There are 2 protein chains.
Amino acid sequence: MKPTAKQVAHAAGVSIAAVSRAFTPGASINPEKKKKIFAVAEEIGYISPARRTAKAVAASTITLVAGDLHNPFYPLVLDTLARHLQESERQLLVYALPTDCNIDAVTDQVLAVRPSGIIVTSASLTSNMARACRQNQIKAVLLNRIQRDMRINAVSCDNYQGGRDIGRLLLERGYQRIGLIGGVANTSTHAERVRGFRDVLAEAGRTIHVQASGNYQYEIAKQAVVHLLSAIHPPDAIFCCNDIMALAVIDAAKERGLRIPKDLAVAGFDDIPMASWSSYQLTTIRQPVERMVQEAVSLIDDPNIKASDYGSTRMLSGTLVMRAST
Amino acid sequence: MKPTAKQVAHAAGVSIAAVSRAFTPGASINPEKKKKIFAVAEEIGYISPARRTAKAVAASTITLVAGDLHNPFYPLVLDTLARHLQESERQLLVYALPTDCNIDAVTDQVLAVRPSGIIVTSASLTSNMARACRQNQIKAVLLNRIQRDMRINAVSCDNYQGGRDIGRLLLERGYQRIGLIGGVANTSTHAERVRGFRDVLAEAGRTIHVQASGNYQYEIAKQAVVHLLSAIHPPDAIFCCNDIMALAVIDAAKERGLRIPKDLAVAGFDDIPMASWSSYQLTTIRQPVERMVQEAVSLIDDPNIKASDYGSTRMLSGTLVMRAST
DNA sequence: TGCCCGTTATGAAAAATTTTCAGGACGACA
DNA sequence: TGTCGTCCTGAAAATTTTTCATAACGGGCA
C-alpha cells in the first residue's frame with residue numbers, strides 16, 4: 001500500500017490539510033509543525049504528488065559542478081558529458097564556480113533540483129555538501145579529484161603514475177636541473193602528480209631543483225616561472241601540473257629567447273587540444289576523458305552503489321604523449 | 001475562475017477521468033481523444049496540476065544549445081551565462097551539439113523540459129525548431145548568430161563593423177596582398193565579417209587577394225592556409241573570421257619560418273584568452289561577451305517580448321584589440 | 001463461423017489531495 | 001479593554017487521480 005497523506009496526518013496528529021500545506025511551498029503553516037510532518041512523512045515514506053512529479057522530472061537530470069572553465073580541460077569534460085547524456089535522453093545542468101568561490105555557495109541551488117546525480121570537477125567538495133547529498137539520497141561523484149576522507153565516489157586519472165611517467169622521461173633525457181610548477185595546493189591532482197614526480201626523482205637519488213606554484217592558471221604560472229628562469233642556476237626542465245601552466249612556461253621561456261626543448265624542456269598534464277598545436281608541441285599526460293566520464297556516469301547509474309556508500313575510487317591510467325617540448 | 005478538468009471534460013464531451021488520463025504520460029487513452037482534450041484544454045486554458053508543478057520547476061531554467069565547445073569562445077559564453085543565472089537562482093541546462101549535427105536532433109529533448117528560454121549559439125537554428133519554440137511559448141534567442149528570415153530574437157556583436165575595423169587596420173598598415181580565412185559558409189558571423197572586410201577593401205579600391213575556408217576550426221584552417229602560403233604570391237596579411245583559425249595561421253606561418261607580423265600579419269575575431277598569450281599576441285576584435293549574455297537573458301526575461309514576436313536583433317559593438325600580430 | 005482470451009479504452013465511483021472558508025489565537029495599538 | 005490585522009488551523013468543499021467493472025476489439029484456434 002502506497003503511503004498517503006491521511007496516514008501521515010494521523011501519525012503526526014494533524015489534519016490532512018496540514019500535510020498538504022507542509023508540502024506546498026509558501027503555504028501558511030507553523031515551521032515546527034512542518035518539520036514534524038516532514039519527519040513522519042520521511043519515516044512512512046510518503047511523497048506528495050507535487051514532489052513526485054518534480055522528482056520524475058529531475059530523475060533524468062545530472063548536475064555538473066565545474067570549477068575553472070578557463071582551463072580548456074573542463075570544456076572537454078563538459079562536452080563529453082553532454083554528448084553522453086544526450087544519448088540516453090538525459091539533461092545536463094551546469095554550475096560554473098569561480099575559482100575562489102566555495103561550492104557551499106551553490107549547494108542549496110544544486111540540491112533544490114534533486115538531480116539523480118552530481119558530478120563535481122570543482123576544486124573541492126566540502127564535507128557540508130557531501131553530507132547534504134547523502135541526506136538527500138543524491139549520488140555525488142568527484143571527477144578528476146579524490147577526497148578519501150569523505151566517503152564519496154570518485155573517478156580520476158592515475159595522477160601518481162602520470163607524475164612518475166613525466167619524471168622518468170625527464171630523467172632519461174638527461175635533464176639536470178628539473179623544476180616543478182605546482183597547481184592548487186590542497187587538491188589531490190596537485191598532490192598526487194607532485195608525489196609521483198618527486199618519488200621517481202628520489203629513486204634516482206635526485207631532488208626537485210626549483211619549485212613554484214602556478215595555481216593551475218596561465219597568468220599566475222607565467223609570473224611564477226619568470227622568477228625561476230632568472231635564477232643563477234635556472235632549471236633545464238620543468239614539469240607543470242597541468243597543460244595551461246605548461247603553455248605559460250613555454251611562452252615565458254620563448255620571451256626570454258630560450259629554445260624549447262634545447263634550453264628548457266617542458267611537460268604538462270591533461271593533453272588539452274592546444275598542447276598539440278605546433279607553437280607548443282607539448283609533451284604531456286593524456287587523461288582518458290571519454291572513459292572518465294563514462295565511469296562517472298556509471299557510478300551514478302549503478303543501482304548497487306548507494307548514495308550513502310563508502311567512497312570507492314576508480315582510477316584510470318593516463319597516456320604519456322611525447323611531443324617536441326621535451 | 002481557474003479552469004478545471006470538469007470544464008474541459010464537459011466541453012470535450014468526455015469524462016473527467018479521461019481528462020486526467022490525457023495529461024498522465026503512459027495512461028491508457030485513445031490518441032485521438034487525447035488530442036481533442038489537449039485542444040480544448042488549450043482553448044480554455046486548463047493546465048493539469050502535474051504540468052503545473054513541472055512548469056514551475058522548468059520556469060527557472062534556461063537552456064543553452066551550444067555548438068562547438070572546442071572553440072574557446074563558447075566556454076567563455078557558457079561560463080558567463082552560468083554565473084549570470086546563478087545570481088538569479090536559475091538553472092542552466094546545456095546541450096552540446098557536434099558540429100556536423102543538426103539542432104533538430106535535440107529539439108524534442110530540449111522542448112520536453114519546457115525551459116523559460118533557449119539560448120542558441122550553435123551554427124544555425126532550423127526553422128523546424130523555431131516553429132516548435134513559438135508553438136510551445138518558449139522564447140528562443142540566438143547568440144552570436146542572426147537569422148533574419150526566421151522571426152527570432154538575436155543578440156550579436158556587430159560583425160560587419162568588426163570586419164571593417166580589421167580591414168581598415170590592415171590597409172592603414174600598408175599590407176599589399178590581404179587574404180582571408182573564412183568560417184562556416186552559411187553562418188551570419190562569417191557572412192557579415194567577410195562583408196565588412198570586403199567592403200572596406202573595396203572602398204579603397206582593393207580586393208581580397210586570396211581566400212580559403214577554415215570552417216572555424218583550428219585543423220582545417222591550418223591545412224587551408226598552408227596552400228595559401230605556398231602560392232607564388234603569398235598574402236602578407238590574413239584576416240581570419242575567428243581566433244582559433246588565426247592561431248592556426250600563426251602556427252602554420254611560424255612552421256614555415258615566417259615572422260609575424262613582418263612576413264605575415266594575422267588578425268582574428270573573438271578575443272579568446274589564448275589570443276593574448278605571448279606566443280600569439282593576436283590582433284582581434286573583442287566580443288562583449290558579458291553584455292551579450294546580459295542582453296540575451298534580458299530578451300528572455302522581458303515580459304513585453306513574446307515568443308511569437310517578430311525577431312528583433314540587438315547588436316553590440318566589438319572592440320578592436322591591437323596586439324603584435326599586425 | 002463462433003468461441004475464448006488478452007489487450008485497450010472507458011466512465012462511474014472511490015480515494016487522495018488541494019483549496020476554500022470560517023474561525024481561534026495572539027500581538028499591536030488606540 | 002476593545003479593535004484590528006496577521007498567522008495558523010481543521011472541516012468541508014472542490015478538484016484531481018486512481019481503482020474498478022465493463023465494453024469493445026482483434027487474433028488464435030477448434
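Numbers restart at 1 for each chain; the letters A, B, ... are given by sequence-line order, proteins then strands. Quick caveat: nothing in here was measured; it's all calculated off a predicted structure.
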Can you figure out which of [options] approaches the side chain of [X] most closely?
X: B/I29; options: C/dT10, C/dG11, C/dT17; result: C/dT10
X: A/S20; options: C/dT19, C/dA9, C/dG11; result: C/dT19
X: B/A17; options: C/dA12, D/dA12, D/dT16; result: C/dA12
X: B/A18; options: C/dG11, D/dT16, D/dA11; result: C/dG11

How long is the line joining [atom1] of [X] and [atom2] of [N], in whole Å?
X: B/Q7; N: D/dT16; atom1: CD; atom2: C1'; result: 14 Å
X: A/F23; N: C/dT18; atom1: CZ; atom2: C1'; result: 14 Å
X: B/E32; N: C/dT8; atom1: CD; atom2: C1'; result: 15 Å
X: A/K6; N: D/dT17; atom1: NZ; atom2: C1'; result: 15 Å
X: A/N30; N: C/dG24; atom1: CG; atom2: C1'; result: 15 Å
X: A/K34; N: D/dC7; atom1: NZ; atom2: P; result: 15 Å
X: A/I47; N: C/dT17; atom1: CD1; atom2: P; result: 11 Å
X: B/H10; N: D/dT16; atom1: NE2; atom2: P; result: 16 Å

Tell me whether the OP1 or OP2 atom of [N] has a side-chain N or O from [X] closer than 4.0 Å.
X: A/S28; N: D/dC8; value: yes
X: B/Y46; N: D/dT15; value: no
X: A/K33; N: D/dC7; value: no

Answer with yes or no whether the side chains of B/R314 and B/S298 bring together a donor and an acceptor at under 3.5 Å.
->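 Present: a donor and an acceptor within the cut-off.
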
So, does [X] use its side chain to make a donor-acceptor pair with the main chain of [Y] at under 3.5 Å?
X: B/Q7; Y: B/I44; answer: no
X: A/D302; Y: A/N304; answer: yes
X: A/D79; Y: B/L69; answer: no

Per the atom types in the model, does the base of C/dT20 pair as donor or acceptor with the side chain of A/R21 at under 3.5 Å?
->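 When only heavy-atom distances are counted, A/R21 does reach the base of C/dT20 through a donor-acceptor pair under 3.5 Å.
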
Between B/I16 and A/A27, name the one whose nearest nucleotide on DNA chain D is closer to the 5' end.
->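 Going by which nucleotide is closer to the 5' end, it is A/A27.
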
Please step through ring-ring contact (aromatic ring centres under 6.0 Å, His included) for the pair B/Y46 and B/F38, ending with a clear verdict.
-> CA-CA 9 Å; B/Y46 172 76; B/F38 275 3; over 10 Å; no

